[in-house]
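Numbered from 1 within each chain, the chains take letters A, B, ... in sequence-line order. Side chains included, hydrogens not; waters and symmetry mates left out as well; all remaining heavy atoms used. Treat the numbers as computed from the prediction; the structure is a model and nothing was measured.
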Number of protein chains: 2
Amino acid sequence: MVAPSLRARVRAGMLDEIKTVARRHLDTDGANLSLRAVARDMGMVSSAIYRYFPSRDDLLTALILEAYDALGEAVEAADRAVARDDLRGRWHAVCRAARAWALAHPAEYALLYGSPVPGYAAPDDTVGPAQRPPIVLVGILHDGLATGRLTPPPDEELPDPLREDLAEIAAGLYPGMPEALLARGMAGWTQLFGLISFELFGRINRSLPHRDEYFDHQTALMADVIGLPRSP
Amino acid sequence: MVAPSLRARVRAGMLDEIKTVARRHLDTDGANLSLRAVARDMGMVSSAIYRYFPSRDDLLTALILEAYDALGEAVEAADRAVARDDLRGRWHAVCRAARAWALAHPAEYALLYGSPVPGYAAPDDTVGPAQRPPIVLVGILHDGLATGRLTPPPDEELPDPLREDLAEIAAGLYPGMPEALLARGMAGWTQLFGLISFELFGRINRSLPHRDEYFDHQTALMADVIGLPRSP
DNA sequence: CCGATGAGAGAGCACTGCTCTCGTCGAGGA
DNA sequence: TCCTCGACGAGAGCAGTGCTCTCTCATCGG
(Lines give C-alpha, C1' and ligand atoms only; values in the text may rest on other atoms or scores of the structure.)
Protein backbone atom coordinates (compact mmCIF):
# COMPACT_ATOMS: atom_id res chain seq x y z
CA MET A 1 0.00 0.00 0.00
CA VAL A 2 1.68 3.11 -1.22
CA ALA A 3 1.21 6.28 0.78
CA PRO A 4 -1.04 8.63 -1.12
CA SER A 5 0.56 11.89 -2.13
CA LEU A 6 -0.34 15.11 -0.43
CA ARG A 7 -2.34 16.15 -3.42
CA ALA A 8 -4.34 12.94 -3.38
CA ARG A 9 -5.09 13.30 0.30
CA VAL A 10 -6.15 16.90 -0.10
CA ARG A 11 -8.31 15.87 -2.98
CA ALA A 12 -10.00 13.14 -0.97
CA GLY A 13 -10.60 15.61 1.81
CA MET A 14 -12.15 18.05 -0.61
CA LEU A 15 -14.43 15.37 -2.00
CA ASP A 16 -15.59 14.58 1.50
CA GLU A 17 -16.04 18.19 2.46
CA ILE A 18 -18.05 18.96 -0.64
CA LYS A 19 -20.32 16.04 0.07
CA THR A 20 -20.70 17.05 3.69
CA VAL A 21 -21.59 20.62 2.84
CA ALA A 22 -23.92 19.43 0.10
CA ARG A 23 -25.66 17.10 2.52
CA ARG A 24 -26.16 20.01 4.89
CA HIS A 25 -27.70 22.07 2.13
CA LEU A 26 -29.85 19.13 1.19
CA ASP A 27 -31.31 18.94 4.65
CA THR A 28 -32.21 22.60 4.72
CA ASP A 29 -33.08 23.44 1.14
CA GLY A 30 -34.38 20.16 -0.13
CA ALA A 31 -33.60 18.41 -3.33
CA ASN A 32 -32.82 21.39 -5.52
CA LEU A 33 -29.23 21.49 -4.46
CA SER A 34 -27.30 24.56 -5.56
CA LEU A 35 -23.74 23.93 -6.59
CA ARG A 36 -22.95 27.59 -6.28
CA ALA A 37 -24.27 27.73 -2.75
CA VAL A 38 -22.13 24.76 -1.80
CA ALA A 39 -19.11 26.42 -3.34
CA ARG A 40 -19.92 29.66 -1.55
CA ASP A 41 -20.09 27.85 1.77
CA MET A 42 -16.64 26.46 1.14
CA GLY A 43 -15.20 29.81 0.20
CA MET A 44 -14.70 28.67 -3.35
CA VAL A 45 -15.93 29.68 -6.71
CA SER A 46 -18.53 27.51 -8.38
CA SER A 47 -16.29 26.45 -11.21
CA ALA A 48 -13.84 24.94 -8.75
CA ILE A 49 -16.40 22.33 -7.78
CA TYR A 50 -16.20 20.96 -11.28
CA ARG A 51 -12.66 19.80 -10.54
CA TYR A 52 -14.23 17.25 -8.23
CA PHE A 53 -17.62 16.46 -9.69
CA PRO A 54 -18.21 16.69 -13.41
CA SER A 55 -21.76 17.87 -12.91
CA ARG A 56 -24.38 18.54 -10.31
CA ASP A 57 -26.01 15.22 -11.08
CA ASP A 58 -22.79 13.39 -10.30
CA LEU A 59 -22.65 15.08 -6.94
CA LEU A 60 -26.24 14.03 -6.36
CA THR A 61 -25.36 10.48 -7.36
CA ALA A 62 -22.54 10.40 -4.85
CA LEU A 63 -24.89 11.61 -2.15
CA ILE A 64 -27.49 9.03 -3.15
CA LEU A 65 -24.97 6.24 -3.03
CA GLU A 66 -23.79 7.23 0.42
CA ALA A 67 -27.37 7.59 1.60
CA TYR A 68 -28.25 4.11 0.37
CA ASP A 69 -25.28 2.74 2.19
CA ALA A 70 -26.06 4.64 5.37
CA LEU A 71 -29.61 3.37 5.36
CA GLY A 72 -28.48 -0.15 4.55
CA GLU A 73 -25.92 -0.08 7.32
CA ALA A 74 -28.46 1.20 9.84
CA VAL A 75 -30.90 -1.51 8.87
CA GLU A 76 -28.35 -4.30 8.93
CA ALA A 77 -26.97 -3.16 12.25
CA ALA A 78 -30.47 -3.18 13.73
CA ASP A 79 -30.97 -6.70 12.45
CA ARG A 80 -27.65 -7.88 13.86
CA ALA A 81 -28.49 -6.54 17.30
CA VAL A 82 -31.36 -8.97 17.79
CA ALA A 83 -31.12 -12.68 18.55
CA ARG A 84 -31.25 -14.63 15.30
CA ASP A 85 -34.23 -16.72 16.27
CA ASP A 86 -36.34 -13.78 17.41
CA LEU A 87 -37.88 -13.32 14.00
CA ARG A 88 -40.52 -10.85 14.98
CA GLY A 89 -38.08 -8.86 17.05
CA ARG A 90 -35.77 -8.64 14.08
CA TRP A 91 -38.61 -7.57 11.83
CA HIS A 92 -39.61 -4.76 14.14
CA ALA A 93 -36.02 -3.70 14.70
CA VAL A 94 -35.40 -3.44 10.99
CA CYS A 95 -38.59 -1.53 10.34
CA ARG A 96 -37.94 0.87 13.18
CA ALA A 97 -34.36 1.42 12.06
CA ALA A 98 -35.45 2.29 8.56
CA ARG A 99 -38.03 4.71 9.89
CA ALA A 100 -35.61 6.26 12.34
CA TRP A 101 -33.03 6.79 9.64
CA ALA A 102 -35.63 8.35 7.36
CA LEU A 103 -36.90 10.70 10.06
CA ALA A 104 -33.34 11.71 10.87
CA HIS A 105 -32.45 12.32 7.22
CA PRO A 106 -35.68 13.31 5.51
CA ALA A 107 -34.09 15.03 2.55
CA GLU A 108 -31.83 12.10 1.82
CA TYR A 109 -34.72 9.69 2.16
CA ALA A 110 -36.68 11.82 -0.29
CA LEU A 111 -33.75 11.64 -2.63
CA LEU A 112 -33.79 7.85 -2.46
CA TYR A 113 -37.49 7.10 -2.43
CA GLY A 114 -39.23 10.25 -3.53
CA SER A 115 -40.14 11.25 -7.02
CA PRO A 116 -37.19 10.81 -9.33
CA VAL A 117 -35.36 13.98 -10.22
CA PRO A 118 -36.48 14.82 -13.73
CA GLY A 119 -33.86 14.20 -16.34
CA TYR A 120 -31.80 12.29 -13.83
CA ALA A 121 -31.39 8.55 -14.17
CA ALA A 122 -29.87 6.69 -11.27
CA PRO A 123 -26.82 4.82 -12.47
CA ASP A 124 -26.52 1.09 -12.02
CA ASP A 125 -24.17 1.48 -9.08
CA THR A 126 -27.18 2.30 -6.97
CA VAL A 127 -29.14 -0.92 -7.40
CA GLY A 128 -26.86 -2.91 -5.14
CA PRO A 129 -26.96 -0.62 -2.11
CA ALA A 130 -30.63 0.07 -2.76
CA GLN A 131 -31.48 -3.56 -2.23
CA ARG A 132 -29.88 -3.92 1.15
CA PRO A 133 -33.01 -3.17 3.21
CA PRO A 134 -35.33 -5.54 1.37
CA ILE A 135 -32.63 -8.20 1.41
CA VAL A 136 -32.42 -7.92 5.17
CA LEU A 137 -36.16 -8.34 5.43
CA VAL A 138 -36.18 -11.38 3.18
CA GLY A 139 -33.26 -12.73 5.15
CA ILE A 140 -35.46 -12.84 8.23
CA LEU A 141 -37.93 -14.95 6.31
CA HIS A 142 -35.16 -17.23 5.13
CA ASP A 143 -33.84 -17.74 8.64
CA GLY A 144 -37.34 -18.50 9.82
CA LEU A 145 -37.73 -21.12 7.14
CA ALA A 146 -34.35 -22.66 7.85
CA THR A 147 -35.00 -23.01 11.57
CA GLY A 148 -38.57 -24.13 11.12
CA ARG A 149 -39.88 -21.23 13.15
CA LEU A 150 -41.70 -19.81 10.16
CA THR A 151 -44.25 -21.90 8.33
CA PRO A 152 -44.72 -20.68 4.79
CA PRO A 153 -48.19 -19.54 3.79
CA PRO A 154 -50.42 -22.03 2.02
CA ASP A 155 -49.43 -22.12 -1.61
CA GLU A 156 -52.08 -19.81 -2.92
CA GLU A 157 -53.04 -19.63 -6.53
CA LEU A 158 -50.36 -17.52 -8.15
CA PRO A 159 -50.62 -16.89 -11.87
CA ASP A 160 -47.84 -18.71 -13.64
CA PRO A 161 -45.98 -15.68 -15.03
CA LEU A 162 -45.93 -14.08 -11.59
CA ARG A 163 -44.74 -17.32 -10.03
CA GLU A 164 -41.89 -17.45 -12.49
CA ASP A 165 -40.88 -13.87 -11.79
CA LEU A 166 -40.90 -14.51 -8.08
CA ALA A 167 -38.99 -17.76 -8.51
CA GLU A 168 -36.31 -15.91 -10.43
CA ILE A 169 -36.01 -13.28 -7.74
CA ALA A 170 -35.84 -15.98 -5.09
CA ALA A 171 -33.16 -17.78 -7.06
CA GLY A 172 -30.97 -14.72 -6.82
CA LEU A 173 -31.39 -14.47 -3.06
CA TYR A 174 -32.37 -17.64 -1.31
CA PRO A 175 -33.04 -20.44 -3.77
CA GLY A 176 -36.00 -22.55 -2.84
CA MET A 177 -37.88 -19.89 -0.96
CA PRO A 178 -41.60 -20.39 -1.59
CA GLU A 179 -42.92 -17.83 -4.02
CA ALA A 180 -45.94 -16.99 -1.91
CA LEU A 181 -43.74 -16.23 1.07
CA LEU A 182 -41.46 -14.05 -0.98
CA ALA A 183 -44.47 -12.16 -2.24
CA ARG A 184 -45.57 -11.52 1.32
CA GLY A 185 -42.12 -10.35 2.25
CA MET A 186 -42.20 -7.91 -0.63
CA ALA A 187 -45.60 -6.75 0.57
CA GLY A 188 -44.02 -6.04 3.92
CA TRP A 189 -41.25 -4.06 2.29
CA THR A 190 -43.74 -2.10 0.20
CA GLN A 191 -45.77 -1.40 3.30
CA LEU A 192 -42.74 -0.24 5.20
CA PHE A 193 -41.77 2.12 2.43
CA GLY A 194 -45.33 3.41 2.13
CA LEU A 195 -45.62 4.00 5.85
CA ILE A 196 -42.41 5.98 6.03
CA SER A 197 -43.21 7.98 2.93
CA PHE A 198 -46.68 8.84 4.12
CA GLU A 199 -45.34 9.98 7.43
CA LEU A 200 -42.43 11.88 5.99
CA PHE A 201 -44.24 13.54 3.13
CA GLY A 202 -46.85 14.79 5.52
CA ARG A 203 -49.93 12.93 4.50
CA ILE A 204 -50.75 11.49 7.86
CA ASN A 205 -49.62 13.71 10.68
CA ARG A 206 -52.71 15.83 11.06
CA SER A 207 -55.07 13.18 12.24
CA LEU A 208 -52.68 10.69 13.78
CA PRO A 209 -50.57 12.18 16.51
CA HIS A 210 -49.35 8.88 17.94
CA ARG A 211 -47.20 7.91 15.05
CA ASP A 212 -44.87 5.55 16.86
CA GLU A 213 -47.76 3.36 17.95
CA TYR A 214 -49.33 3.51 14.53
CA PHE A 215 -46.08 2.49 12.88
CA ASP A 216 -45.52 -0.43 15.21
CA HIS A 217 -49.06 -1.63 14.79
CA GLN A 218 -48.90 -1.50 11.01
CA THR A 219 -45.59 -3.31 10.84
CA ALA A 220 -46.91 -5.88 13.31
CA LEU A 221 -49.85 -6.38 10.99
CA MET A 222 -47.49 -7.20 8.14
CA ALA A 223 -45.52 -9.50 10.41
CA ASP A 224 -48.78 -11.35 10.96
CA VAL A 225 -49.40 -11.51 7.24
CA ILE A 226 -45.98 -13.01 6.73
CA GLY A 227 -46.52 -15.44 9.57
CA LEU A 228 -43.73 -14.41 11.90
CA PRO A 229 -44.30 -16.11 15.23
CA ARG A 230 -45.56 -13.93 18.03
CA SER A 231 -43.01 -14.54 20.74
CA PRO A 232 -39.34 -15.44 20.54
CA MET B 1 -76.88 33.22 -12.80
CA VAL B 2 -75.49 36.28 -14.50
CA ALA B 3 -73.70 35.82 -17.80
CA PRO B 4 -69.99 36.37 -17.32
CA SER B 5 -68.54 39.27 -19.20
CA LEU B 6 -66.38 38.74 -22.23
CA ARG B 7 -63.34 39.66 -20.25
CA ALA B 8 -64.16 37.14 -17.56
CA ARG B 9 -64.66 34.42 -20.13
CA VAL B 10 -61.40 35.21 -21.86
CA ARG B 11 -59.67 35.21 -18.53
CA ALA B 12 -61.12 31.82 -17.61
CA GLY B 13 -59.99 30.49 -20.97
CA MET B 14 -56.49 31.77 -20.39
CA LEU B 15 -56.37 30.16 -16.97
CA ASP B 16 -57.39 26.87 -18.52
CA GLU B 17 -54.92 27.15 -21.36
CA ILE B 18 -52.05 27.96 -19.05
CA LYS B 19 -52.86 24.96 -16.92
CA THR B 20 -53.16 22.73 -19.96
CA VAL B 21 -49.83 23.82 -21.37
CA ALA B 22 -48.24 23.55 -17.94
CA ARG B 23 -49.56 20.02 -17.57
CA ARG B 24 -48.03 19.14 -20.91
CA HIS B 25 -44.68 20.49 -19.79
CA LEU B 26 -45.04 18.60 -16.56
CA ASP B 27 -45.40 15.32 -18.38
CA THR B 28 -42.31 15.86 -20.47
CA ASP B 29 -39.96 17.81 -18.23
CA GLY B 30 -40.99 16.59 -14.82
CA ALA B 31 -41.62 18.60 -11.73
CA ASN B 32 -39.30 21.52 -12.39
CA LEU B 33 -41.87 23.40 -14.37
CA SER B 34 -40.61 26.45 -16.21
CA LEU B 35 -42.98 29.38 -16.23
CA ARG B 36 -41.06 30.98 -19.06
CA ALA B 37 -41.33 27.87 -21.17
CA VAL B 38 -45.06 27.77 -20.64
CA ALA B 39 -45.33 31.40 -21.60
CA ARG B 40 -43.18 30.79 -24.65
CA ASP B 41 -45.44 27.97 -25.74
CA MET B 42 -48.38 30.31 -25.55
CA GLY B 43 -46.68 33.04 -27.51
CA MET B 44 -46.57 35.24 -24.49
CA VAL B 45 -43.95 36.87 -22.40
CA SER B 46 -43.23 35.38 -19.01
CA SER B 47 -44.43 38.38 -17.07
CA ALA B 48 -47.86 38.04 -18.61
CA ILE B 49 -48.38 34.75 -16.79
CA TYR B 50 -48.24 36.66 -13.55
CA ARG B 51 -51.53 38.31 -14.46
CA TYR B 52 -53.10 34.90 -13.94
CA PHE B 53 -50.98 33.16 -11.31
CA PRO B 54 -49.21 35.20 -8.67
CA SER B 55 -46.29 32.78 -8.64
CA ARG B 56 -45.06 29.51 -10.00
CA ASP B 57 -46.05 27.79 -6.80
CA ASP B 58 -49.62 28.93 -7.24
CA LEU B 59 -49.68 27.44 -10.69
CA LEU B 60 -48.32 24.23 -9.24
CA THR B 61 -50.97 24.31 -6.57
CA ALA B 62 -53.68 24.64 -9.19
CA LEU B 63 -52.26 21.66 -11.06
CA ILE B 64 -52.03 19.65 -7.87
CA LEU B 65 -55.62 20.42 -6.99
CA GLU B 66 -56.84 19.35 -10.41
CA ALA B 67 -54.72 16.22 -10.27
CA TYR B 68 -56.14 15.24 -6.90
CA ASP B 69 -59.60 15.71 -8.27
CA ALA B 70 -58.85 13.75 -11.42
CA LEU B 71 -57.46 10.86 -9.41
CA GLY B 72 -60.35 11.04 -6.99
CA GLU B 73 -62.87 11.06 -9.80
CA ALA B 74 -61.22 8.11 -11.52
CA VAL B 75 -61.22 6.13 -8.29
CA GLU B 76 -64.80 6.97 -7.41
CA ALA B 77 -65.99 6.15 -10.90
CA ALA B 78 -64.30 2.77 -10.74
CA ASP B 79 -65.99 2.11 -7.44
CA ARG B 80 -69.39 3.14 -8.76
CA ALA B 81 -69.09 0.79 -11.72
CA VAL B 82 -69.12 -2.33 -9.55
CA ALA B 83 -72.11 -3.84 -7.78
CA ARG B 84 -72.27 -2.48 -4.23
CA ASP B 85 -72.17 -5.86 -2.59
CA ASP B 86 -69.17 -7.11 -4.54
CA LEU B 87 -66.76 -5.84 -1.97
CA ARG B 88 -63.69 -7.53 -3.33
CA GLY B 89 -64.54 -6.48 -6.85
CA ARG B 90 -64.85 -2.90 -5.72
CA TRP B 91 -61.54 -3.10 -3.88
CA HIS B 92 -59.73 -4.35 -6.93
CA ALA B 93 -61.46 -1.88 -9.21
CA VAL B 94 -60.43 1.02 -7.02
CA CYS B 95 -56.86 -0.17 -6.73
CA ARG B 96 -56.55 -0.74 -10.45
CA ALA B 97 -58.07 2.64 -11.22
CA ALA B 98 -55.59 4.40 -9.00
CA ARG B 99 -52.71 2.54 -10.58
CA ALA B 100 -53.99 3.17 -14.10
CA TRP B 101 -54.35 6.87 -13.44
CA ALA B 102 -50.85 7.01 -11.97
CA LEU B 103 -49.34 5.18 -14.93
CA ALA B 104 -51.15 7.48 -17.33
CA HIS B 105 -50.07 10.64 -15.49
CA PRO B 106 -46.75 9.81 -13.88
CA ALA B 107 -45.58 13.38 -13.45
CA GLU B 108 -48.81 14.46 -11.83
CA TYR B 109 -48.75 11.44 -9.56
CA ALA B 110 -45.21 12.33 -8.58
CA LEU B 111 -46.42 15.82 -7.82
CA LEU B 112 -49.08 14.44 -5.50
CA TYR B 113 -47.27 11.59 -3.80
CA GLY B 114 -43.59 12.11 -4.50
CA SER B 115 -41.17 14.01 -2.39
CA PRO B 116 -42.57 17.39 -1.49
CA VAL B 117 -41.23 20.28 -3.53
CA PRO B 118 -38.76 22.02 -1.22
CA GLY B 119 -39.99 25.30 0.11
CA TYR B 120 -43.46 24.52 -1.10
CA ALA B 121 -46.20 23.79 1.39
CA ALA B 122 -49.42 22.36 0.08
CA PRO B 123 -52.24 24.68 1.08
CA ASP B 124 -55.18 23.39 3.06
CA ASP B 125 -57.39 23.27 -0.01
CA THR B 126 -55.63 20.10 -1.00
CA VAL B 127 -56.47 17.96 2.02
CA GLY B 128 -60.05 17.45 0.94
CA PRO B 129 -59.41 16.19 -2.60
CA ALA B 130 -56.39 14.28 -1.35
CA GLN B 131 -58.55 12.17 0.90
CA ARG B 132 -60.93 10.99 -1.75
CA PRO B 133 -59.13 7.74 -2.61
CA PRO B 134 -58.70 6.51 0.96
CA ILE B 135 -62.28 7.51 1.73
CA VAL B 136 -63.48 5.35 -1.13
CA LEU B 137 -61.47 2.43 0.22
CA VAL B 138 -62.81 2.87 3.71
CA GLY B 139 -66.28 3.21 2.23
CA ILE B 140 -66.00 -0.32 0.92
CA LEU B 141 -65.26 -1.51 4.41
CA HIS B 142 -68.19 0.43 5.79
CA ASP B 143 -70.57 -1.05 3.23
CA GLY B 144 -69.28 -4.49 4.07
CA LEU B 145 -69.96 -3.90 7.72
CA ALA B 146 -73.41 -2.50 7.06
CA THR B 147 -74.50 -5.45 4.97
CA GLY B 148 -72.85 -8.00 7.18
CA ARG B 149 -70.69 -9.28 4.38
CA LEU B 150 -67.53 -8.18 6.15
CA THR B 151 -66.76 -9.45 9.60
CA PRO B 152 -64.42 -7.13 11.42
CA PRO B 153 -61.11 -8.55 12.57
CA PRO B 154 -60.83 -9.78 16.13
CA ASP B 155 -60.28 -6.79 18.36
CA GLU B 156 -56.56 -7.06 18.67
CA GLU B 157 -54.60 -5.37 21.38
CA LEU B 158 -54.29 -1.76 20.24
CA PRO B 159 -52.43 0.64 22.50
CA ASP B 160 -54.89 3.13 23.95
CA PRO B 161 -53.50 6.28 22.33
CA LEU B 162 -53.57 4.64 18.93
CA ARG B 163 -57.10 3.42 19.52
CA GLU B 164 -58.17 6.94 20.36
CA ASP B 165 -56.55 8.36 17.24
CA LEU B 166 -58.23 5.77 15.08
CA ALA B 167 -61.57 6.32 16.80
CA GLU B 168 -61.34 10.00 16.07
CA ILE B 169 -60.59 9.35 12.42
CA ALA B 170 -63.46 6.90 12.26
CA ALA B 171 -65.75 9.44 13.87
CA GLY B 172 -65.11 11.81 11.02
CA LEU B 173 -65.88 9.19 8.40
CA TYR B 174 -68.07 6.36 9.54
CA PRO B 175 -68.78 6.55 13.26
CA GLY B 176 -68.68 3.22 14.96
CA MET B 177 -66.25 1.57 12.60
CA PRO B 178 -64.05 -0.79 14.60
CA GLU B 179 -60.61 0.68 15.07
CA ALA B 180 -58.83 -2.51 14.10
CA LEU B 181 -60.70 -2.64 10.81
CA LEU B 182 -59.94 0.99 10.07
CA ALA B 183 -56.28 0.30 10.74
CA ARG B 184 -56.34 -2.53 8.23
CA GLY B 185 -58.04 -0.33 5.70
CA MET B 186 -55.31 2.25 6.15
CA ALA B 187 -52.75 -0.51 5.72
CA GLY B 188 -54.38 -1.31 2.41
CA TRP B 189 -54.21 2.29 1.35
CA THR B 190 -50.58 2.55 2.38
CA GLN B 191 -49.82 -0.63 0.48
CA LEU B 192 -51.59 0.64 -2.62
CA PHE B 193 -49.62 3.86 -2.53
CA GLY B 194 -46.38 2.00 -1.95
CA LEU B 195 -47.03 -0.39 -4.80
CA ILE B 196 -47.76 2.38 -7.26
CA SER B 197 -44.83 4.46 -6.14
CA PHE B 198 -42.40 1.57 -6.36
CA GLU B 199 -43.56 0.75 -9.83
CA LEU B 200 -43.62 4.33 -11.02
CA PHE B 201 -40.37 5.45 -9.49
CA GLY B 202 -38.63 2.50 -11.06
CA ARG B 203 -37.61 0.40 -8.14
CA ILE B 204 -39.24 -2.78 -9.26
CA ASN B 205 -39.36 -3.10 -13.02
CA ARG B 206 -36.05 -4.78 -13.57
CA SER B 207 -36.79 -8.06 -11.92
CA LEU B 208 -40.55 -8.19 -12.18
CA PRO B 209 -41.78 -7.99 -15.74
CA HIS B 210 -45.34 -9.13 -15.02
CA ARG B 211 -46.39 -6.09 -13.15
CA ASP B 212 -50.12 -6.40 -13.65
CA GLU B 213 -50.17 -9.81 -12.04
CA TYR B 214 -47.94 -8.67 -9.24
CA PHE B 215 -50.13 -5.70 -8.54
CA ASP B 216 -53.30 -7.76 -8.49
CA HIS B 217 -51.76 -10.33 -6.24
CA GLN B 218 -50.51 -7.78 -3.76
CA THR B 219 -53.82 -5.95 -3.59
CA ALA B 220 -55.60 -9.28 -3.19
CA LEU B 221 -53.30 -10.01 -0.29
CA MET B 222 -54.40 -6.81 1.40
CA ALA B 223 -58.01 -7.64 0.65
CA ASP B 224 -57.43 -10.87 2.55
CA VAL B 225 -55.90 -8.98 5.44
CA ILE B 226 -58.94 -6.76 5.59
CA GLY B 227 -61.23 -9.72 5.35
CA LEU B 228 -63.07 -8.94 2.15
CA PRO B 229 -65.03 -12.05 1.12
CA ARG B 230 -63.62 -13.99 -1.77
CA SER B 231 -66.59 -14.15 -4.12
CA PRO B 232 -69.47 -11.73 -4.63
C1' DC C 1 15.39 21.83 -11.77
C1' DC C 2 11.72 21.91 -15.10
C1' DG C 3 7.94 20.63 -17.58
C1' DA C 4 3.40 18.51 -16.89
C1' DT C 5 -0.61 18.51 -14.32
C1' DG C 6 -4.07 19.71 -10.99
C1' DA C 7 -6.43 23.43 -8.68
C1' DG C 8 -8.74 27.70 -8.14
C1' DA C 9 -10.41 32.33 -9.94
C1' DG C 10 -13.00 34.93 -12.97
C1' DA C 11 -15.72 36.09 -16.94
C1' DG C 12 -19.34 34.73 -19.62
C1' DC C 13 -23.54 32.17 -21.70
C1' DA C 14 -28.14 30.68 -21.49
C1' DC C 15 -31.54 29.91 -18.47
C1' DT C 16 -34.75 30.60 -14.31
C1' DG C 17 -38.53 33.22 -11.11
C1' DC C 18 -40.02 37.55 -10.30
C1' DT C 19 -40.67 42.86 -10.28
C1' DC C 20 -41.38 47.19 -12.31
C1' DT C 21 -42.78 50.31 -15.80
C1' DC C 22 -45.04 51.62 -19.80
C1' DG C 23 -48.25 51.68 -23.58
C1' DT C 24 -52.91 49.87 -25.14
C1' DC C 25 -57.39 48.58 -25.29
C1' DG C 26 -61.91 47.35 -23.58
C1' DA C 27 -65.80 47.73 -20.32
C1' DG C 28 -68.73 50.28 -17.41
C1' DG C 29 -70.42 54.67 -15.48
C1' DA C 30 -71.75 59.59 -16.17
C1' DT D 1 -71.32 59.27 -26.40
C1' DC D 2 -67.40 60.16 -23.96
C1' DC D 3 -64.05 59.20 -20.26
C1' DT D 4 -61.94 57.05 -16.86
C1' DC D 5 -60.29 53.16 -14.66
C1' DG D 6 -58.55 48.70 -14.71
C1' DA D 7 -56.97 44.65 -16.95
C1' DC D 8 -53.54 43.08 -20.04
C1' DG D 9 -49.33 42.21 -22.50
C1' DA D 10 -44.53 43.63 -23.62
C1' DG D 11 -40.06 44.67 -22.30
C1' DA D 12 -36.21 45.62 -19.40
C1' DG D 13 -33.94 44.37 -15.48
C1' DC D 14 -32.33 41.85 -11.07
C1' DA D 15 -30.56 38.03 -8.66
C1' DG D 16 -29.85 33.50 -9.00
C1' DT D 17 -28.75 28.87 -11.44
C1' DG D 18 -25.60 25.03 -14.11
C1' DC D 19 -21.88 24.90 -16.89
C1' DT D 20 -17.76 26.23 -20.04
C1' DC D 21 -13.63 28.49 -21.12
C1' DT D 22 -9.42 30.75 -20.15
C1' DC D 23 -5.86 32.26 -17.24
C1' DT D 24 -2.69 31.88 -13.37
C1' DC D 25 -0.27 29.52 -9.92
C1' DA D 26 1.31 25.85 -6.90
C1' DT D 27 2.58 21.21 -6.68
C1' DC D 28 4.32 16.87 -8.19
C1' DG D 29 7.19 13.46 -10.80
C1' DG D 30 11.09 12.53 -13.49
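Applying the ring pair (Phe, Tyr, Trp, His ring centres under 6.0 Å) criterion to Phe53(B), with sequence neighbours excluded, gives no partner residue. With sequence neighbours left out, the side chain to side chain donor-acceptor pair (under 3.5 Å) criterion links Thr126(A) to no other residue. The side chain to side chain donor-acceptor pair (under 3.5 Å) check on Arg184(B) picks up Glu156(B), with sequence neighbours excluded. With sequence neighbours excluded, the residues forming a side chain to side chain contact (heavy atoms under 4.5 Å, CB included) with Ala77(B) are Glu73(B), Arg80(B), listed by chain and number. Applying the ring pair (Phe, Tyr, Trp, His ring centres under 6.0 Å) criterion to Tyr109(B), with sequence neighbours excluded, gives Tyr113(B). Remark: Asp143(B) pairs with Arg90(B) by the side chain to side chain donor-acceptor pair (under 3.5 Å) rule, at least two apart or across chains. Residues passing the side chain to side chain donor-acceptor pair (under 3.5 Å) test with Asp212(B) are Arg99(B), sequence neighbours excluded. For Arg96(B), the side chain to side chain contact (heavy atoms under 4.5 Å, CB included) criterion is met by His92(B), Phe215(B), Asp216(B), not counting sequence neighbours.
The main-chain N or O of Met222(B) is never found under 3.5 Å from a side-chain atom of Trp91(B) such that the two would form a donor-acceptor pair.
Chain B approaches DNA chain D over the interval dG6(D) to dG13(D), counting the first and last nucleotide 5' to 3' with an atom under 4.0 Å from its heavy atoms.
Between the OH atom of Tyr50(A) and the P atom of dA9(C) there is a distance of 15 Å, rounded to whole Å. When rounded to the nearest whole Å, the span between CG of Leu33(B) and C1' of dC18(C) equals 15 Å.
Among the heavy atoms of the strands lying under 4.0 Å from Ser46(A) is at least one base atom, whether or not backbone atoms are also near. Residue contacts shown for Tyr52(A) are limited to sugar-phosphate atoms, with no base heavy atom under 4.0 Å away. Among the protein residues, Ile49(B) comes within range of no part of the nucleic acid, since none of its heavy atoms lies under 4.0 Å from any strand. Contact annotation for Leu59(B): no contact, since no heavy-atom pair falls under 4.0 Å across all strands.
Of the residues in residues 35-44 of chain B, Leu35(B), Arg36(B), Arg40(B) come within less than 4.0 Å of DNA chain C through at least one heavy atom, sorted by number.
Atom CZ of Phe201(A) and atom CD1 of Ile196(A) lie 10.0 Å apart (nearest 0.5 Å).
Residue pairs meeting the side-chain hydrogen bond (donor to acceptor under 3.5 Å, both in side chains) criterion with at least one member in residues 12-22 of chain A, sequence neighbours excluded: Lys19(A)-Glu66(A).
The phosphate of dT16(C) (OP1 or OP2) has no side-chain N or O of Arg56(B) nearer than 4.0 angstrom.
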Look for any protein N or O under 3.5 Å of an N or O in nucleotides 21-27 of chain C and output each such pair with its distance, or none.
none

